[in-house]
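Working notes for the structure below.
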Number of protein chains: 2
Amino acid sequence: MNRVTISDVAKAAGVSMKSVSRVINREPNVSDKLRVKVQAAIDALGYVPDLAARSLAGARAFTIGVLLDNPSPNYTMKIVTGAYQACRKHGYHLLLENLESARNDIAEQAADMLRNARIDGFVLTPPITDCEPVLAVLEAQGIPYVRIAPTSFQGRSPALAIDDCSAASELARHFWGLGHRRFGLVTGPPEHGAAGTRRAGFKAQIAELGGSIVAEEYGGFQFETGIGAGLTLLAREDRPSAIFAMNDDSAAGVMSAAAQLGLRVPGDVAVAGFDDSWIAQSVWPNLTTIYQPITELAFEATELLIERGSSEQGNGVRLLDYRLIERGSTVAP
Amino acid sequence: MNRVTISDVAKAAGVSMKSVSRVINREPNVSDKLRVKVQAAIDALGYVPDLAARSLAGARAFTIGVLLDNPSPNYTMKIVTGAYQACRKHGYHLLLENLESARNDIAEQAADMLRNARIDGFVLTPPITDCEPVLAVLEAQGIPYVRIAPTSFQGRSPALAIDDCSAASELARHFWGLGHRRFGLVTGPPEHGAAGTRRAGFKAQIAELGGSIVAEEYGGFQFETGIGAGLTLLAREDRPSAIFAMNDDSAAGVMSAAAQLGLRVPGDVAVAGFDDSWIAQSVWPNLTTIYQPITELAFEATELLIERGSSEQGNGVRLLDYRLIERGSTVAP
DNA sequence: ACCACCTCTGACATCGCTGTCAAGACTGCG
DNA sequence: CGCAGTCTTGACAGCGATGTCAGAGGTGGT
């Protein structure tokens with residue numbers, strides 16, 4: 001292997017290995033002259049530091065872990081993509097780790113995982129993001145973590161999210177503007193905090209406008225359970241003219257239920273979802289929904305972890321923008 | 001950090017570091033007595049070798065790369081899951097690498113990627129699996145690779161696949177058994193070799209049985225393009241009674257097209273797809289399709305790479321089992 | 001009993017980089 | 001001009017494993 005090493009660069013630049021190391025790591029107290037000289041040698045030789053050696057020698061592991069426990073390949077893939085891009089950008093490794101937050105031994109799972117690898121920090125995704133035992137284990141080991149879309153233990157770590165509440169409000173106003181007054185709700189899993197926030201935001205806005213929520217049914221974030229919720233809601237005598245499901249999968253289930261009952265979407269019932277996941281454009285008519293920047297959330301979370309220290313920020317929640325996406329599934333009643 | 005190191009184990013077992021190393025790596029010429037003694041110490045201390053140190057010191061990098069260029073999150077996620085499991089099992093790192101096989105500089109992309117990391121081997125997924133410049137770059141560097149579902153350059157590397165041809169035949173016989181005689185085909189992207197194999201297998205079987213292919217339309221593996229193909233096929237005067245799309249996404253598009261034309265699936269037209277991807281159960285009626293063990297393909301491919309050498313096998317194609325999944329989208333005409 | 005030839009084990013250098021520490025080069029001030 | 005205090009640089013010892021090579025112990029043939 002003809003790899004270029006740090007000592008090749010040092011020789012080429014006529015400086016010590018350590019100086020090259022300083023330039024690479026942007027350490028303070030390096031003169032401009034030296035920096036320029038070294039950088040030129042690095043560029044000329046096409047030097048790329050060896051991750052294994054860096055992590056062996058130094059304090060950092062150059063690896064970020066992502067804790068996953070989401071059944072939706074869409075969601076997971078977007079998270080992985082974002083985290084991966086951030087790692088790529090900074091020359092880090094990405095480690096995926098699947099935990100099962102529903103099991104009792106979740107703390108043990110987390111501890112096991114830590115035994116196996118050195119990791120600089122973790123990105124926690126829902127529903128692990130709200131899983132206290134995991135937070136406790138990480139804190140006990142002093143490993144930094146960033147959470148995505150947490151709804152519990154605010155301020156316990158840096159976090160990234162969208163404003164689920166006002167997103168749901170905006171969707172409510174969208175329906176209202178079209179002329180809908182009577183609504184059905186398809187709820188998410190109880191442990192999924194953000195789903196509860198969406199529901200509350202929607203209801204609050206509708207109440208403020210003077211509309212009514214005819215009924216709520218459990219949709220469980222899945223297509224199948226969404227069908228069940230849809231069938232129940234749509235069979236009612238006082239059928240709502242519009243249904244808001246807490247994610248796209250269950251919204252697609254509602255649309256399927258409508259088809260089974262011979263009702264047309266959006267003519268007989270308007271439907272909206274949440275996430276703008278892939279399924280939103282794989283049903284007909286395409287689903288009106290809220291776009292969530294999942295990839296960006298993961299990217300930012302990962303970068304926050306990597307650059308931690310360079311700008312010591314607090315444990316606030318950083319909100320990214322969502323966007324209402326109007327598609328064919330919602331029209332005036 | 002209280003990590004247990006190899007010398008802790010050596011001390012505990014009363015042997016040299018090197019002996020511990022031998023046991024870990026299953027090197028030959030180690031007495032049973034020593035092996036047992038060392039293994040006991042390893043277990044007692046919960047020792048896990050440090051990947052960074054191993055890869056720095058040794059010839060292996062303990063990292064497997066997966067080359068990806070597939071727009072479907074479903075497919076990609078399943079591949080990643082399988083590869084990840086294999087890496088996990090053997091204590092390897094997994095490196096994801098996105099290439100764009102449609103661009104001209106694909107060889108350069110591949111070369112760039114190799115400059116940045118030491119990697120023991122690559123898993124190539126479609127369509128990169130059939131991308132000659134990439135194969136050439138890997139071979140030039142002497143890096144082993146395993147391909148998933150290749151249709152070109154057979155015998156140039158080990159490969160894993162399912163028998164697309166006979167899977168498509170089976171689907172054809174399924175339709176035939178239900179009483180269908182006149183078929184429409186929704187094709188895949190031209191560069192996707194396996195799609196061509198499916199088509200050929202289906203046509204050959206139908207021809208042998210004496211049925212007719214009314215028409216073929218380009219479906220491009222995507223939902224949107226599937227709608228277009230469906231609209232064209234279903235508007236024909238001699239409308240086929242059954243449609244086979246080369247993947248599930250485009251099949252779902254066909255179903256959507258049927259709905260738009262006021263045709264019912266499966267009453268007016270039966271539809272089948274291929275992959276058993278997530279969308280197959282997210283449409284109504286659920287889609288009849290061929291289950292492909294994508295996760296297993298990736299798992300086996302990765303493991304083949306990791307265990308390479310221990311059993312030097314040739315460049316054959318190893319076939320895994322597919323399975324016809326009958327769901328609601330196909331009934332008798 | 002001796003030598004050649006295995007099999008098994010250990011000492012030690014080494015992989016590429018960073019942390020530590022000390023020394024050299026400057027600065028400003030009395 | 002001298003000295004303390006800062007900024008800048010380099011020498012060197014590790015990080016935790018593996019590769020190499022030499023030596024210890026056993027076996028069989030003569």
Side-chain angles (χ1 to χ4, degrees), chain A residues 1-39 41-42 45-63 91-93 115-120 309, chain B residues 1-39 41-42 45-63 90-93 115-118 120 309:
Chain A
M1 200 76 165
N2 285 334
R3 278 189 76 81
V4 179
T5 75
I6 198 172
S7 81
D8 296 331
V9 175
K11 222 166 288 171
V15 302
S16 74
M17 269 166 37
K18 182 62 209 186
S19 290
V20 177
S21 172
R22 287 200 178 89
V23 171
I24 295 168
N25 294 294
R26 295 198 177 67
E27 286 178 30
N29 301 336
V30 175
S31 70
D32 283 345
K33 202 165 67 182
L34 192 150
R35 191 189 311 282
V36 169
K37 198 163 54 176
V38 169
Q39 191 59 55
I42 288 176
L45 297 175
Y47 168 68
V48 179
D50 185 293
L51 229 56
R54 292 181 93 176
S55 95
L56 180 58
R60 288 172 295 175
F62 292 93
T63 301
Y92 270 57
H93 276 325
R115 232 190 308 287
N116 287 327
R118 317 192 207 181
I119 294 183
D120 294 320
Chain B
M1 201 76 163
N2 285 335
R3 278 189 77 80
V4 178
T5 76
I6 198 172
S7 80
D8 296 330
V9 176
K11 222 167 289 172
V15 300
S16 75
M17 269 166 37
K18 182 62 208 183
S19 290
V20 177
S21 173
R22 285 201 178 88
V23 172
I24 294 168
N25 293 293
R26 294 197 176 69
E27 285 179 31
N29 302 334
V30 174
S31 70
D32 283 345
K33 203 165 65 182
L34 191 149
R35 189 188 313 283
V36 168
K37 198 164 51 177
V38 169
Q39 191 59 55
I42 288 176
L45 297 175
Y47 167 68
V48 179
D50 185 291
L51 230 55
R54 293 181 93 176
S55 96
L56 180 58
R60 289 172 294 174
F62 293 92
T63 302
H90 296 274
Y92 270 57
H93 275 324
R115 231 190 307 287
N116 287 327
R118 316 191 206 184
D120 294 321

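Lettering follows sequence order; numbering is per chain, from 1. Because only heavy atoms are used, hydrogens play no part in the values below, and waters and symmetry mates are left out as well, while side chains stay in. Because the structure is predicted, anything quoted here is derived from the model rather than measured.
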Quickly work out the [X] [atom1] to [N] [atom2] distance and round it to whole Å.
X	N	atom1	atom2	result
A:Lys11	C:dG16	NZ	P	11 Å
A:Leu45	C:dG16	CG	C1'	15 Å
A:Arg35	D:dT8	CZ	P	9 Å
B:Arg60	C:dC15	CZ	C1'	15 Å
A:Arg118	D:dA17	CZ	P	9 Å
B:Phe62	C:dC15	CZ	P	18 Å
A:Leu51	C:dC15	CG	P	19 Å
B:Glu27	C:dT7	CD	C1'	14 Å

Should [X] and [Y] count as side-chain neighbours, where that means a heavy-atom distance under 4.5 Å?
X	Y	result
B:Arg118	B:Leu56	yes
B:Asp8	B:Thr5	yes
B:Arg22	B:Met17	no

Taking any heavy-atom pair under 4.0 Å as a contact, classify [X]: base, sugar-phosphate, or nothing.
X	answer
A:Tyr47	sugar-phosphate
B:Val30	sugar-phosphate
B:Leu34	sugar-phosphate
B:Ala59	sugar-phosphate

### Query
Has the side chain of B:Arg22 got a donor or acceptor that lies under 3.5 Å from a partner of the other kind on the base of C:dG10?
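Per atom types, the contact qualifies.
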
### Query
So, the side chain of A:Thr63 versus the backbone of A:Ala61: is there a donor-acceptor pair under 3.5 Å, distance only?
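Yes, because the side chain of A:Thr63 sits within donor-acceptor range (under 3.5 Å) of the backbone of A:Ala61.
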
#### Entry: Under 3.5 Å: donor-acceptor pair, side chain of B:Arg35, backbone of B:Val30
yes

Is the phosphate of [N] approached by [X] (side-chain N or O, under 4.0 Å from OP1 or OP2)?
X	N	result
A:Asn29	D:dC7	no
A:Ser16	D:dG10	yes
A:Ser21	C:dT18	yes
A:Ser31	D:dT9	yes

### Query
Any idea which of C:dG19, D:dG16, C:dC17 is nearest the B:Asp50 side chain?
D:dG16

### Out of D:dG16, D:dG14, C:dG19, whichever nucleotide has its closest atom nearest the side chain of B:Ala57
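Nearest to the side-chain atoms of B:Ala57, counting from C-beta on, is D:dG16.
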
### Message
Return whichever of B:Arg54 or A:Ser19 has its heavy-atom-nearest nucleotide of DNA chain D closer to the 5' end.
### Response
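With B:Arg54 and A:Ser19 compared, the 5'-side residue is A:Ser19.
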
#### Entry: Whichever of B:Asn25 and A:Gly14 has its nearest DNA chain D nucleotide further upstream toward 5'
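This one resolves to A:Gly14.
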
### Query
Is the count of non-hydrogen atoms from other residues, nucleotides or ligands lying under 6.0 Å from B:Lys11 atom NZ greater than 12?
no

### Query
Between B:Leu56 and B:Met17, who's closer to the 5' end of DNA chain C by nearest nucleotide?
B:Met17

